[in-house]
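A, B, ... follow the sequence lines: proteins, then strands. Residue 1 opens every chain. Remember, predicted model here, so these are calculated numbers, not experimental data.
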Amino acid sequence: MEVDFYQQVFQVVKLIPYGKVTSYGAIAKYLGTARASRMVGWALNNCNIGGDNIPAHRVVNRNGILSGKSAFKGEHVMKDLLESEGIEVVDDQVKDLKKHFWDPFELDKELQ
DNA sequence: TGCATGACCTGAG
DNA sequence: GCTCAGGCCATGC
């Protein structure tokens with residue numbers, strides 16, 4: 001197994017702008033493995049445990065739900081981090097997901 | 001080697 | 001418009 005996949009995931013997550021969030025599917029799609037969106041979650045889970053500075057709190061599922069909050073030290077940590085970035089979180093869910101959503105492909109657009 | 005599970009997504013009813 | 005079931009890939013036992 002190439003760890004490149006994980007590195008790619010970490011890279012994309014690190015590139016998420018301040019105050020923005022994205023979804024596992026978007027990242028998976030960006031990496032060319034749209035059907036392996038579950039692996040993105042695994043990668044983030046491992047990276048979070050690893051202790052790397054990955055803003056995994058900016059990654060939510062399609063509905064904007066903080067499905068990975070349990071991977072953090074505390075239930076409130078993820079919510080706290082998001083709120084500190086100006087993102088409203090209600091009931092473990094990002095409010096106005098459309099407003100704060102960030103697509104990795106936008107990065108390519110900017111680069112091009 | 002094989003089965004079961006997971007921070008999900010998409011399509012059909 | 002919402003709910004249910006299937007599928008995808010990698011990892012662990």
Nearest-Å distance for atom pair [atom1]/[atom2], residues [X] and [N]:
| X | N | atom1 | atom2 | answer |
| --- | --- | --- | --- | --- |
| N63(A) | dT3(C) | CG | P | 11 Å |
| L31(A) | dC9(C) | CG | C1' | 13 Å |
| F5(A) | dC8(C) | CZ | C1' | 11 Å |
| I27(A) | dC9(C) | CD1 | P | 18 Å |

Heavy atoms under 4.0 Å, any strand shown: does [X] hit a base, just sugar-phosphate, or nothing?
| X | answer |
| --- | --- |
| A28(A) | nothing |
| S67(A) | sugar-phosphate |
| R38(A) | base |

Does some side-chain heavy atom of D92(A) sit less than 4.5 Å from a side-chain heavy atom of K69(A)?
yes
- Message: side-chain contact (heavy atoms from CB on, under 4.5 Å) for F101(A) and V94(A)? Distances and angles first, verdict last.
- Response: CA-CA 10 Å; F101(A) 187 78; V94(A) 176; over 6 Å; no
Notebook entry, point to check: Can you tell me how far the CG atom of N61(A) sits from the OG1 atom of T22(A), to the nearest 0.5 Å?
Noted result: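 Here the rounded value is 11.5 Å.
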Nt span of DNA chain B in reach of chain A heavy atoms at under 4.0 Å, 5' end first, is dG6(B) to dC9(B)
| message | Using every non-hydrogen atom in the two residues, find where W102(A) and K20(A) come nearest and quote the distance to one decimal. | response |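 So the two residues come closest at CB-CB, 3.7 Å.
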- Query: Which residue pairs pass the salt bridge (Lys or Arg N to Asp or Glu O under 4.0 Å) test with at least one member in residues 76-85 of chain A, sequence neighbours excluded?
  - Reply: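 Listed by first then second residue: R58(A)-E85(A).
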Applying side-chain contact (heavy atoms from CB on, under 4.5 Å) to I16(A) and V59(A), what does each step give before you reach the verdict? CA-CA 9 Å; I16(A) 300 176; V59(A) 186; 4.0 Å; yes
